[in-house]
Amino acid sequence: MRINRRDAMALAGVAGVAAAWPAGAQETRTVARGRTLIVGGMAEAPTWTNFQNANYYAAGVDLRNGLMYASEPLFWYNLFKDELIPWLAEGHSWNGDFTQLTIRIRAGAAWSDGRPFTARDVAFTYNMLIENGNGAKNLRKAVDVAQRVERAVVVDDRTVRIELKFPDPRHLFIHPTSYYAHGLYWVPEHVWKDVEDKAAFTFFDIAKGWPLTTSAWSVARVNQTEIVLDRRADWWGAKTGFHEMPAVERIVVVPGGARDRVVQMLATNQIDTAADIQDPNLMLELMRRNPKVTSFTGTKPPIGNLDWWPTSLYFNGADPQWGDVRVRRAIMHAINAQQVTEVTSSGMNDVSHSPFPAFPPLVPFIDGVKDIARKYGIGTFDVAATERLMREAGYAKDSGGFWAKDGKRAGGAMHGIPLLNQVGPVLQQQLRRAGFDVTFFATPDSRRIMMNGECPLMVFGHNGGSINDPLATLEMYHSKSLTPVGRPTFFMARFSNAEFDRAVDPIVGMAPGDPRIMAQVRAAMEVWYRELPEVPIQQWYHRIPMNTTHWTNWPTETNAYMPPAVNFESTPVFVAYKLKPVA
Amino acid sequence: MIAAIAGRFAMLVLVVWMAASVNFLIPRLADRNPVAERLAQVAAQGGSLSGIDEMVKSYEARFGLDRPLWQQYLGYLGDLARFDLGYSISNYPMRVADQIALALPWTIGLLGTATLVAFAVGSILGALAGWRRGPALARLVLPAFMVLSAIPFYLVGLVFVYVFAYRLEWFPTGGGYTLGSEPTLTVGFVLDLVGHALLPAFSIVIASIGFWALAMRSMMVTIEGEDYVLFAEAKGLKGWRLFWTYGVRNALLPQVTTLALALGKVVTGAVLVEMVFGYPGLGNLLFESVKLNDYFTIYGCVIVLVLTVAVTMLLLDLIVPLLDPRARRRAS
Amino acid sequence: MTGVAVRRGAVRIGITGVRRYLARNPSLAWGLALAAGLVLFMAGGSLAWDTTLAEPLSAPVARPPSWAHPFGTDTQGRDLLAVMIVGTRLTLKIGMIAGGIGVLVGAAVGFTAAYAGGRIDAAIRTLTDVLLTVPALLFLIVVASSLKGEITSTTMGLMIAALSWMAPARQIRAQALVLRGAPYVVMARLGGMRGTEIVLREMLPNLLPFLMASFVLALAQAILASVGLEALGLGAQDEPTLGMTVYWMMSYSAFVRGFWWWIAAPIVALCLVFVALYLVTAGLDEIANPRLKRRVVA
Amino acid sequence: MAHRLEIDGVRRVFPGRAFGGPSVVALHGLSLTLDGARPEIVAVVGESGSGKSTLAQIALGLDDPSAGTVRFDGTSLGRMDEGGRVRFRRAVQAVLQDPFSSFNPFYRVEHAAILALVRFGLAPDRRAARSILADACEAVGLNPADTLGRFPHELSGGQRQRLMVARAMAMRPAVLVADEPVSMVDASLRATILAHLAAMRDAQGVSIIYVTHDLTTAYQVADRLIVLYRGHVVETGTPEEVLKAPAHPYTRLLVDSVPWPDLARPWGRVPKVADGAPVADGCPFRGRCPDATAVCARMPGPAVLSPTRTVRCHLHRSPPA
């Protein structure tokens, strides 16, 4: 709190209020700008909230504010190369039926207080979550872990065995590996075992060295407008020769706030990278103003890297007006996805015809079902087809020019998150022109309305979907994911189909890369395209600006060692290890 | 006198209690669950919503949201009486009092300063324009400021940001101070703070000078016609002396009353300015917590607002009669 | 007393009288002229220009002003001239609904308080003071939430109306209190008139200029509130009001991308609206408050 | 039928603001009876703040006493039925101080009077009412053609006040409360207006409460005089008695302050304190009284000096009966 008070004091000084400087204010050492990495983090507001909470499992936590740099995973995963990168772990092995995953911890790994990082910490984290998921249920991910994992057993200091509740060949990618928003954070047993109420624990006290970290940086000071982490001379990685000492001596993470502000800060070299700019034209403008700023693909379209959230128009499966598949198809034919991408991204976001993001490991599956998509006319903009299907479904145009049946117009509210503010109005206009009385809303309440299924249409991206294997996305349409209206879910299609379930179920037991998966995906997608729970619209790109004024070796198309997005919790840490100073 | 103060204080408590009750109820009218919303938002980062229902129940119990509304209301009043604002729901386990303590200095620093500057400049301008022998210039520029005062200051702010920050690049586009700089009480840092506050402050000042000037001018016009001024003039008092001691001093008192109220409102009315300029103040805190329906933080912000305005009113009621003989006579 | 003399101008209307009066009250004259200009722009615009161009996808995106699109276009293909024609009307509509209801309810409440006096007055006064503490933002989001977020310009106006009656109620109560003790009201009571009749027949006509000024002020306040909320993204997203145009302009980075025409259009339109209303209020104030003998804008 | 208005022991306290603030006692148990059988003009004199306007308000039924009663024809105003109220309303009329604002500027001058005449059944329709009012105008020396049909600001102050008197005459009241009717009228017109009031007493049998701070006019028209000081009746009597030989020090102060045209009279005795602080009990005037002694800390009882004369001062005692 001392630092916050200092801010308050400084401001009070501006206000003309005489204020005594608190005695003994801590001095931090000065680090040259050339050795400082300044990151504009994800924040809608111009401040960090809850920046004194490093408990990843607490309900109110947000580690994207920069505290993520104080953690490391067992494994990283680079999907561009489909490459698993062992970090705190050295390697893993499976038993024959994928019910036991054994992980070998790297020798010499250590916490920032000098205590070794061991299998006990991993096992403690697992067992803490399992216990919580079966009991108090107030830690994040706990219920998920408890549903999947029986227990974690310490074999020896460097070996932990994770015993699963069912054969799960994907488990390595669900909990031990960190990529996008997946993976667990490991907590030090020697601190956490004595904590009574883990949900109320913040694991934050700079004086005590909390949060303890295994990474090369630990938190030096925080306030609501910046999180500062300094490099530790005694980082285990350099000591053991596992990895050279990173060049980044200090990391400052500031709340980006409004996008314009982020752009301005990049243009004036105040920050080195930031969260997603989204708009490719804005990126071009930024790169024109500051040629030192680049993107994953430079100035070449799509000026960014693919994201795991392709945009779709979801039909709320609980809304009776979508009971007739002809109406859903009619709406699909009314949408001109090409025009959507033209208007929202000058055509730089690819049109999508499937629910999968087009990551390299998933491209074979997207391509493998193209013939089915074509058979069902997926993605064809055809107003005549809309007209025909609506008439077949018993609708007629009313005096306002909108399709109606029994006095009720087809359409209604279409909610979206503010992130999709560009797409929503375009879709609305296209649908209106085709005779659907649709209105787009993106309010602070929209996320809840969508998740609770309280509107007929939703514009959204896939959450919890696939990255390197099609199962996760397909499971979103599995009837076990079906949630009644009023209970929140990200699987907003509220879709269920027994035939679809039968096609998906066997994939659970098949390891990623199993050639039998393709047949199951085709069977499932046959149903999906036929039933059309949503209309795929476009792929989504992260347009991450990277400033080469002070730092180089950012991840790029030709040097794709990691996706550059800063809004995923662990990948920026990996990037920070790899950055090279200019001076 | 003591009885009067006690009575006035009882009135304050009554108004604060009623305001607290109304504002307790309003967020509850929305069909929203702050726990579920926050958990869903966090889960959106983590990709999984499994087990969210159980978590919601667990946290509702923790925050006492599972109790009947009247029990929650009584608990709320009890906490309030002890000045305990509780925990933020969406930023648990952060305390609401800490959130407010973080936001308040920014708001007071920017809006407080700007309001005071606008008040000072506007009052002097208005006084000069209202004084018969004041400079003609004051009368000439006054209409321009009055027209500007019709325009909300966030619009003025938008124009300034575009012209001075984006086009001319004379000022930063937003924020409280230069990123990565050390927040220390050095001349350099304070200058940096001032540099960041200048543009937003300037747009507030420009857009509100007219308001103060107009009020001051009409007071001056009235006062100039009063007998004591004519008398002082007849006694041969010199222009400037007359202006300050008889004109400004007497016209200022109602202005100060308005100023106190304006300063009370500074605490809230700032969401848009803070948003346009990326300033991390109380308006921003209120906006964010309203978006997530974080009851406890909303209550905290509103209570700060209610208390500021109510206490300002109380102080005014008690102090103005001491300063103003006219009001003293009215009171007796 | 000049007060009565000034009031005469407002009551007895004749064309030359109006002209002579406006010459003495230039702020009212300018305000009315500006307002007339805006009405002309809205009405003439709707006739002369295709207002369906205010919808997205109606024009090429992000073009500076040209003959085809005199005010330019935004990044979603709205023609900004059409947006301004429709938007000014929608924004004024919100203000009219909110200001109109605000002053009507405020007048009813204010007169009741002033005429009933005693406990009723104290209760009403406390209630309005307490309700004034409710942040508009909070109220709006709560109401929007129960409307499932489906805000239109009409609901927006109604929501703001719910917050717009308190200030007029206080002002009208104060004015009515002054009038209540006026000798002619006493004479009316001695002539056998009763409460409502006195309010409607004796007090109301004399408060008309004041109510007019109150209404214009409430209108401006309501527009201010609506534009503020819309600029935060809490408006009728489907309708191109001036506030929503500000919101879209801000959220699509018109600043950084240098789309000056997109920034200028809503800001200039809003400034004209506010200045017109301000001048009219100032002009009406001179009628309603005869003590302000001098011209309001010198 | 002769009406009778009795003001009996009326006390009026204005409470301070809610939750504290001192309350102000405007009238301390005042009694006054006007009997229609013996029409008279009662002048109520006193400085501002003496409670005389409160008395006027209470007599008009526009304000309610905190204690005591006002009875009209024997019935208390508070317990009157609807019909009684209307009768009272009609019978007790007023001429107010301010001739400028006694007329609603929105209407023509005859608006209120015609409305009242019709409402009280004094005229069958507006036309008849107008002609009644026109007659009354002529009675007060106004030319109806020049007066009626005009807006208030088109008439002079004197015209307006005479019109008010005409209105009162047209209403044919039993009691008229004239609250400072000539204080804002040019001196040249005062006598005329007062003469009209006296004429109303004589011709119509109207009892008049004449509220004024002006001893001269009170002396001219009143049959009876009541001197009020801070809500207390300090002296009563005929104008002759009171003004020629004021018994109470306050009355004396009032009388001495008047610039009498008689140049031989000394003008004004300088009061001891310009504006005495209000006293909690005892004689209210003792803070300013040049003759005050310790005994004045007790409230003096009324001393009856003659059948028509009372005074409340320790200097006087009722002669033994």
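Below, chain A is the first sequence line, B the second, and so on; all start at residue 1. Just so it is clear, the structure is predicted and the values come from calculations on it, not from any experiment.
- Residues A/K137 and B/M55 approach most closely at O-CG, 3.0 Å, considering heavy atoms.
- Here the straight-line distance linking atom OG of B/S58 with atom CG of A/L139 works out to 8.5 Å at 0.5 Å rounding.
- With a 4.5 Å cut-off on non-hydrogen atoms, A/D197 touches chain B through its side chain but not through its backbone.
- Here the closest heavy-atom approach between residue A/A200 and residue B/P93 is recorded as O-CG, 3.5 Å.
- The shortest non-hydrogen separation linking A/N50 to B/N91 is ND2-O, 3.1 Å.
- Both the backbone and the side chain of A/N138 come within contact range of chain B, judged by heavy atoms closer than 4.5 Å.
- Residue A/A199 touches chain B through both its backbone and its side chain, counting heavy-atom pairs closer than 4.5 Å.
- Looking at A/A59, both its backbone and its side chain come within 4.5 Å of chain B, counting heavy atoms on both sides.
- A/Q52 CD to B/R95 CZ: the interatomic distance, rounded to the nearest 0.5 Å, is 13.5 Å.
- Other residues, nucleotides and ligands place no more than 12 heavy atoms under 6.0 Å from the CZ atom of B/F202.
- For B/Y59, the part lying under 4.5 angstrom from a heavy atom of chain A is the side chain only.
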- Given A/T202 and B/Y92, is the side chain to side chain contact (heavy atoms under 4.5 Å, CB included) satisfied, shown in steps? CA-CA 9 Å; A/T202 59; B/Y92 184 78; over 6 Å; no
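- The contact between A/R289 and chain B is made entirely by side chain atoms (from C-beta outward), counting heavy-atom distances below 4.5 Å.
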